[in-house]
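The structure appears right after this line, and notes come after that.
Treat the numbers as computed from the prediction; the structure is a model and nothing was measured. The sequence lines fix the lettering, A, B, ..., with proteins before strands; numbering per chain opens at 1.
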Number of protein chains: 4
Amino acid sequence: MTGTSGPRKRADAQRNEKALLEAAAAVFVASGVDAPVRDVAAAAGVGVGTIYRHFPTRADLVVAVYHHQIEACVAAGPALLARSASPHAALAAWIDLFVDFLVTKHGLAEALRSDQDTFQTLHARFLDDLVPVCAHLLDAAAGAGEIVPGVDPLVLMRGIGNLCIGAGDPRYDPGFVVGLVVAGLRLR
Amino acid sequence: MTGTSGPRKRADAQRNEKALLEAAAAVFVASGVDAPVRDVAAAAGVGVGTIYRHFPTRADLVVAVYHHQIEACVAAGPALLARSASPHAALAAWIDLFVDFLVTKHGLAEALRSDQDTFQTLHARFLDDLVPVCAHLLDAAAGAGEIVPGVDPLVLMRGIGNLCIGAGDPRYDPGFVVGLVVAGLRLR
Amino acid sequence: MTGTSGPRKRADAQRNEKALLEAAAAVFVASGVDAPVRDVAAAAGVGVGTIYRHFPTRADLVVAVYHHQIEACVAAGPALLARSASPHAALAAWIDLFVDFLVTKHGLAEALRSDQDTFQTLHARFLDDLVPVCAHLLDAAAGAGEIVPGVDPLVLMRGIGNLCIGAGDPRYDPGFVVGLVVAGLRLR
Amino acid sequence: MTGTSGPRKRADAQRNEKALLEAAAAVFVASGVDAPVRDVAAAAGVGVGTIYRHFPTRADLVVAVYHHQIEACVAAGPALLARSASPHAALAAWIDLFVDFLVTKHGLAEALRSDQDTFQTLHARFLDDLVPVCAHLLDAAAGAGEIVPGVDPLVLMRGIGNLCIGAGDPRYDPGFVVGLVVAGLRLR
DNA sequence: GATGAATGAGAGTTCATTCAT
DNA sequence: CATGAATGAACTCTCATTCAT
């Protein structure tokens, strides 16, 4: 805005892509990840061609939309483990974080659960990145004797993800049920 | 042909409707509750007009499809409470039943979670019928001091329902996570 | 129009299909066989869905459009052979008929030559039906010692077909070149 | 870098244009003259804008692509007439040359026949250059009493061109039908 | 009542063409 | 001059829904 007029084209394109992602995120929240490409384009104020240029398939777009947020979650795992009172506390905090993330980005959980071919990629990406973090936290907690051993992190994460579906409804409370799950993990 | 046409028609219509429901159930399992109306009509061997005559909206059809199964679940609640060792055991057994139901009728959980307007009716019907049963079981278990008090049956049921989404995937195991929830309910 | 209101639905559908074919023929002449489906639908005064119902693929439509005309040509072969002065005269007359047909239905020749996948079916149909007739005429003329033996009917017909491309242009005269071909066939 | 930039640029531009034409020729052979502009640009390693700068319309590009080859054909006419045994032999040889040209550059014949507005220019150019050559050969042969008089060279050339359409198909043989045409030209 | 033909909105996708950099 | 990002018209195809028979 001040003096960035030099190599502008690439800068513009990047800005454009960012605007695209934000618009897509908004549209996904409002209409789900199945929202018409046209709607996303309109929301971003670009032509549909621009969407296809940047993200050839819908999966590419969805993955991109949630990429940064996934990364943040990945980073939070070790950080929490380092500064929490106990591994179980870290696990609980991380799950809370994950739930907050999903609940905030309403529509994400729905996307995650979709077994449509279109979202295979999203699925993969999501789980490939997050499951190891979860596994690490589970191992730490199990190693400390705080939780039952042998919990499959993938199963746990998909469960948590599922529980976040429909978070917008005032009559539903994902956090409560997730709390039951976390409680259920504890060794008694 | 003249005298019997009155009652006969009704019988025929009922038969027709039943065939419709069975066909719809099969199609829903195969293609989800968003399956094209034409597919349902074709599976039932009727015209699409007939579907619309019997079930003006898709929700009506979906509700009807799952009606009997919901009723069975409703009936199972008191029965289990009567013959189980403890209220908590009855609750656990009933939840298992519910999970089995959802998991077996693949696609139902997905339909349940949908917040699309189309399924509002289904939602309502499903919960209106089942929540009281669940509430009764929760009350009994809480009254016996076996579980934490104040669990909202609606929230619990929606959580359970959500956990059943994606049950077909071999890498996911709804039962395990539901087990954690049930364990989490117990007073420690 | 007078008393055909009995089994009207099927009658209507047939009428509709006929109107469709006529409209499609007109559009094909005007815009080629690649004309947008919408244009055909508009010309026929129906929705696009109607086109797709009657003719699931474009090839189906194209084949149907030219079906009757192909049949007429098929029927003309033996008839001409029976009533012509010589086999060569019959062959020449039949080729004239074929050329008239292609030239009249401007756009047909273009369709025929297309090697696009869409028209494979048309190609096949066209040649499967007409080549045998042509072969019969060629055999008769060759048997009578009037023309060179061993002419491949398929090659001849595709040549004739090609020559009819662009018949609308006043500066071109397919008939003349076809005449040269027919003359070239004669034993000298 | 300073003094040579004037002439250098022109040299570069010429080189660029040549590369463009070669790339376009290759793409036209592979995908037909309707190939996406992008494909041509990509094959040439330039941006689409460059294509549009050099050749504002597609016709301009197509004409340019085939320009050199047309010129070669033009030059061959008198040469053949000079060194052939008879005018008819020269005509036949020249037609063979023309056919070889069209058949080799698969896609050219298709382009030639197109009556689309886009190719009007190509048409014109092609015929304006070649028709006189053909006329000359026809006149010579007619003058020598070898062929029928009064053959319109334009009609003949378009016929020949049409016959070359679909040359790639193993079941078709343009050369054979062209041979019939050439034979048909002879006085008997 | 049942039928299924017809309708047409809507979604995905491709590309010719323009124009800011 | 060259580039290629952006635009948006155009096209195909699908299906929910209506309604004449």
Side-chain angles (χ1 to χ4, degrees), chain A residues 4-17 20 34-42 44-54 56-58 118, chain B residues 5 9-10 12-13 16-17 20 34-42 44-54 56-58 118, chain C residues 5-17 20 34-42 44-54 56-58 118, chain D residues 5 9-10 12-13 16 20 34-42 44-54 56-58 118:
Chain A
T4 52
S5 62
R8 183 99 66 90
K9 195 159 51 186
R10 181 161 293 159
D12 271 17
Q14 279 184 1
R15 195 165 327 208
N16 219 325
E17 185 162 325
L20 228 67
D34 291 321
V37 175
R38 264 181 181 67
D39 289 2
V40 176
V46 302
V48 287
T50 305
I51 305 274
Y52 281 99
R53 163 176 289 275
H54 286 274
T57 74
R58 178 183 294 271
T118 326
Chain B
S5 67
K9 256 196 183 150
R10 181 166 292 159
D12 277 13
N16 218 326
E17 188 163 321
L20 227 65
D34 292 321
V37 176
R38 261 183 183 60
D39 290 2
V40 176
V46 303
V48 287
T50 306
I51 304 269
Y52 279 97
R53 167 169 296 275
H54 286 272
T57 76
R58 178 182 293 269
T118 326
Chain C
S5 62
R8 184 98 66 87
K9 193 160 52 185
R10 182 162 293 163
D12 272 16
Q14 279 184 359
R15 196 164 327 210
N16 219 324
E17 185 163 325
L20 229 66
D34 291 320
V37 175
R38 262 185 180 63
D39 288 2
V40 177
V46 303
V48 288
T50 305
I51 304 275
Y52 281 100
R53 162 177 288 275
H54 287 274
T57 75
R58 177 185 294 271
T118 325
Chain D
S5 69
K9 255 195 182 152
R10 181 165 293 161
D12 276 13
N16 218 325
L20 227 66
D34 292 320
V37 176
R38 262 184 180 61
D39 290 2
V40 176
V46 303
V48 287
T50 306
I51 305 269
Y52 279 97
R53 166 170 296 276
H54 286 273
T57 75
R58 178 183 293 269
T118 326

Next item on the list: Report the secondary structure of DNA chain F in dot-bracket form, marking unpaired bases with a dot and bases paired to a different strand with |, and treating Watson-Crick or G-U pairs with both distances under 3.5 Å as paired.
Entry: .||||||||||||||||||||

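Residue D/Arg53 places at least one side-chain N or O closer than 4.0 Å to OP1 or OP2 of F/dA2. Considering only side-chain N and O atoms, A/Thr50 lies nowhere under 4.0 angstrom from the phosphate OP1 or OP2 of F/dA5. For the OP1/OP2 pair of F/dA6 and a distance below 4.0 Å, the side-chain nitrogens and oxygens of A/Asn16 include at least one atom meeting the criterion.
Nearest to the side chain of B/His54, among E/dT17, E/dA2, E/dT14, sits E/dA2. Checking F/dT14, E/dT17, F/dC15 against the side-chain heavy atoms of D/Val37 singles out E/dT17 as nearest. For B/Tyr52, counting side-chain heavy atoms from C-beta on, the closest listed nucleotide (F/dT18, E/dG12, F/dT12) is F/dT18.
For B/Arg58 and F/dC15, the CZ to P distance is 11 Å, given to the nearest whole Å. Whole-Å rounding puts the C/Ile51 CD1 to F/dC15 P distance at 19 Å. Rounded to whole angstrom, the span from the CG atom of D/Leu20 across to the C1' atom of F/dC1 amounts to 13 Å.
Here the shortest heavy-atom pairing between A/Arg58 and A/Val37 reads NH2-CG2, 3.9 Å.
Under the rule for a side-chain contact (heavy atoms from CB on, under 4.5 Å), B/Arg53 has no partner lying at least two apart in sequence or in another chain. For C/Val46, the side-chain contact (heavy atoms from CB on, under 4.5 Å) partners at least two apart in sequence or on another chain are C/Asn16, C/Leu20, C/Ala41, C/Ala44, C/Thr50, C/Ile51.
Nearest-nucleotide positions on DNA chain F for A/Gly45 and C/Asp39 put A/Gly45 closer to the 5' end. Along DNA chain F, the nucleotide nearest to A/Arg38 and the one nearest to D/Arg38 differ in position, and the one closer to the 5' end is contacted by D/Arg38. Residues A/Ala35 and C/Glu17 each lie close to DNA chain E; by heavy-atom proximity, the contact nearer the 5' end of the strand is made by C/Glu17.
Within 4.0 Å (heavy atoms only), C/Val48 reaches at least one base atom of the nucleic acid.
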